[in-house]
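Let me begin by presenting the structure, written as structure tokens, before commenting on it.
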Amino acid sequence: MRHLISPLDFSVDETEELLLLAEDIAKDPKKYSKVCEGKKIATLFYEPSTRTRLSFEAAMLNLGGSVLGFSSADSSSAAKGESVADTIRVISSYADIAAMRHPKEGAPYVASLHSTIPVINAGDGGHQHPTQTLTDLLTIHSLKGRLDHLTIGLCGDLKFGRTVHSLINALVRYTGIKFVLISPEELRVPTYIRKDVLEDKNVPYKEVESLEEAMPELDILYMTRVQKERFFNEEDYIRLKDRYILDAAKMHFAGPEMLVLHPLPRVNEISVEVDKDPRAVYFKQAQFGVYARMALIMTLLELSL
Ligand code: CP
């Protein structure tokens, strides 16, 4: 039995296989509509979510399965003090697979140690978000046709943004990847990502503050929200939250093929006027999230057509 806790739990070859499956699903989702008949997914969300929880549920329903779960810690027995370990032991007898989001880093990993069903990390604190990474890889692979030889700008809250940490971990495994890390000093990527991931693997990167100066060389611009819920102090959040706002004027600095991704939700960091730019693909990206999760459920449950 396999879990997905980190984006590195799948090898490059396994990731490629999963993305090809997701692309086939995207072409003809109906073909897969009975693959999970009789199967159930439990969505155990101790933190708010729109896309991740509902795309997991849509994915299982599209595959012919069923869903159960809770959408906040307050509506579960966590509010009475139940541990993640006890919860997953019980859920293992209710469902065939579980997706867990939790504010504590490592909580889905702890759950996986006590589970008899596959556990998927649906986001743990500021740590990792591997299914967002599969979504991001699928978006890039489908729209650019490759995952190598790309210059990727990551902009915004690179300190607390778990989608950024997971995406860097996943992309350093491909050749010809360069990163431009665009953030204010206070929101730079954590040292462990810089030293243990980028420098350890000799992946070229630079850290800059100007979005406009970085844009001309980018193939992908990955915008992120400043993660209000991870700040200890409201004043810092207010000072930093609008540091980067991508608008139509700034899009003139980008090349014609540069794609704008964002894991969403957005707050102010992308003006709505950018939505109509054909290079803005963040809503397509959210759609790809359903196909990526359909492919993941099938892979972890070892199901095929
Ligand atoms: N991208 C993402 O994780 O969105 P939600 O927080 O809405 O699940």
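Quick note: numbers below take in every heavy atom, side chains included, and nothing from hydrogens, waters or symmetry partners. In each ligand, atom 1 is the first atom listed, and ligand 1 is the first ligand listed.
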Counting non-hydrogen protein atoms only, what is the nearest one to atom 4 (O) of ligand 1? Give residue, atom name and distance. Arg51 NE, 3.1 Å
Looking only at side-chain N and O atoms, does Lys80 offer a donor or acceptor that is under 3.5 Å from a partner on Ser77? yes
Quick check: Arg53 and ligand 1, any N/O pair under 3.5 Å apart? no
Asp136 and side-chain hydrogen bond (donor to acceptor under 3.5 Å, both in side chains): which single residue from Gln285, His262, His129 fits? Gln285
Which of the atoms in ligand 1, numbered in the order shown and given with their element, are less than 4.0 Å from a heavy-atom of Thr52? 2 (C), 3 (O), 4 (O), 5 (P), 8 (O)
Quick one: do Glu207 and Arg188 make a salt bridge, cutoff under 4.0 Å? yes
Heteroatom distance test (Leu264, ligand 1): nitrogen or oxygen, under 3.5 angstrom: yes
Which of the atoms in ligand 1, numbered in the order shown and given with their element, are less than 4.0 Å from a heavy-atom of His129? 2 (C), 3 (O)
Parallel, tilted or perpendicular: rings of Tyr192 and His127 (30°, 60°): tilted
Could you check atom 6 (O) of ligand 1 against the protein and tell me its nearest heavy-atom contact, residue, atom and distance included? Arg101 NH1, 2.9 Å
Any N or O of Pro48 closer than 3.5 Å to N or O of ligand 1: no
In terms of the angle between their ring planes, are Tyr46 and His102 parallel, tilted or perpendicular, with boundaries placed at 30° and 60°? tilted
Decide whether a cation-pi geometry holds between Arg101 and Phe45; the criteria are a distance under 6.0 Å from NZ or CZ to the six-membered ring centre and an angle within 45° of the ring axis. no
Show me which atoms of ligand 1 lie under 4.0 Å from any heavy atom of Gln132. 1 (N), 2 (C)
